[in-house]
Amino acid sequence: MVGLSGCAAPAVDPDAVDDWLTQQSSVDLPGSLAMMSGMAGPVTEVVGEQGITVTFEEPERLTEVVFSCFGTETMSVDITTTSVEPTDAEISSGTRTDDLACDDSPHAIEWGKDAATGVTVDGLSDDGAAAWSAVVIGKD
């Protein structure tokens, strides 16, 4: 008889995830404009398809997004912003950063945008057994 072993992701303790998310909610970084967190979504081919969105009352200058994750080896993050152009046209742009090691969190992702009116962040995991947090940093 031959035994087969799978490569299933280890189970994540829901209490540990809740504790981690609670800790993340108290993170205070200089220049912080917004903080968001959630459970990992599935990896899709479309960037910015889902996530948590924060809108700003006045356009903001963004410099980076500080991303952290818990409960899996690596995650991807989608960052999408809506900005106002000098012509008052609103445009949306996004990117995906892959293979962010959760053990090495936090990850500072440079994201320079002038006149951002909103930002959407989504943490993605193949196994879906993870949580993430992001702090949007800006400058005057």
Side-chain angles (χ1 to χ4, degrees):
M1 178 172 261
V2 176
L4 299 175
S5 64
C7 295
V12 177
D13 177 4
D15 291 335
V17 171
D18 286 343
D19 290 346
W20 184 85
L21 286 169
T22 299
Q23 290 171 355
Q24 295 305 301
S25 67
S26 64
V27 170
D28 185 26
L29 299 175
S32 173
L33 297 173
M35 189 279 179
M36 55 195 85
S37 62
M39 297 303 294
V43 177
T44 65
E45 292 191 23
V46 180
V47 172
E49 186 173 60
Q50 300 176 45
I52 297 175
T53 301
V54 173
T55 56
F56 305 114
E57 287 185 28
E58 296 292 326
E60 297 282 353
R61 180 173 175 242
L62 308 183
T63 57
E64 68 183 352
V65 173
V66 179
F67 180 82
S68 298
C69 55
F70 176 81
T72 190
E73 290 184 23
T74 63
M75 284 185 70
S76 299
V77 61
D78 285 356
I79 303 170
T80 305
T81 53
T82 305
S83 301
V84 177
E85 293 295 305
T87 61
D88 288 332
E90 192 169 86
I91 62 166
S92 180
S93 62
T95 190
R96 176 172 292 165
T97 302
D98 291 315
D99 300 322
L100 297 171
C102 292
D103 287 346
D104 293 337
S105 291
H107 301 276
I109 302 166
E110 289 186 29
W111 191 248
K113 293 290 176 188
D114 290 328
T117 56
V119 61
T120 300
V121 178
D122 195 14
L124 309 168
S125 171
D126 286 328
D127 60 25
W132 61 270
S133 73
V135 179
V136 178
I137 307 293
K139 290 188 179 177
D140 295 330

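Using a 4.5 Å cut-off between side-chain heavy atoms of Ile, Leu, Val, Met, Phe, Trp and Tyr, with links allowed through other members, Phe67 and Val135 fall into different hydrophobic clusters. Linking Ile, Leu, Val, Met, Phe, Trp and Tyr residues whenever their side-chain heavy atoms come within less than 4.5 Å places Leu62 and Met36 in a single cluster. With hydrophobic clusters built from ILVMFWY side chains whose heavy atoms lie under 4.5 angstrom apart, Leu33 does not share a cluster with Val66. In the hydrophobic clustering of this structure, Val43 does not group with Val77; members are Ile, Leu, Val, Met, Phe, Trp, Tyr whose side-chain heavy atoms approach within less than 4.5 Å, directly or through other members.
What you find for Met39 and Ala131 is that their closest heavy atoms are SD-CB, 4.0 Å. Heavy-atom minimum distance, Val65 versus Ala134: CG1-CB, 3.9 Å. Listed here is the closest heavy atom pair of Met35 and Gln24: CE-O, 3.1 Å. Of all heavy-atom pairs between Gly123 and Met75, the closest is C-CE, 3.4 Å. Counting all heavy atoms, side chain and backbone alike, His107 lies closest to Ala101 at NE2-O, 2.8 Å. The nearest pair of heavy atoms linking Cys69 to Leu100 is SG-O, 4.0 Å.
Here Asp114 contributes atom CG and Glu60 contributes atom CD; the two are 11.0 Å apart, rounded to the nearest 0.5 Å. Between Asp13 atom CG and Asp19 atom CG the span is 8.0 Å, to the nearest 0.5 Å. With rounding to the nearest 0.5 angstrom, the CD atom of Glu73 is 10.0 Å from the OG atom of Ser125. Atom CH2 of Trp20 and atom OG of Ser68 lie 5.5 Å apart (nearest 0.5 Å).
The closest side-chain heavy-atom distance from Trp132 to Ile52 is below 4.5 Å. Looking only at side-chain heavy atoms (C-beta outward), Phe56 and Val119 come within less than 4.5 Å of each other. Val54 has its side chain out of reach of Val136: every pair of non-hydrogen atoms, C-beta onward, lies at least 4.5 Å apart.
Residue pairs satisfying the salt bridge (Lys or Arg N to Asp or Glu O under 4.0 Å) criterion with at least one member in residues 90-101, sequence neighbours excluded, are listed as follows: Asp78-Arg96.
Here the options are Thr44, Leu124, Thr80, the test is side-chain contact (heavy atoms from CB on, under 4.5 Å), and the partner is Glu49; only Thr44 passes.
When atom types are taken as modelled, the side chain of Thr63 and the backbone of Ile137 share a donor-acceptor pair closer than 3.5 angstrom.
Taking the side chain to side chain contact (heavy atoms under 4.5 Å, CB included) definition, one finds that Ser93 meets it with Thr81, Trp111, Lys113, sequence neighbours left out.
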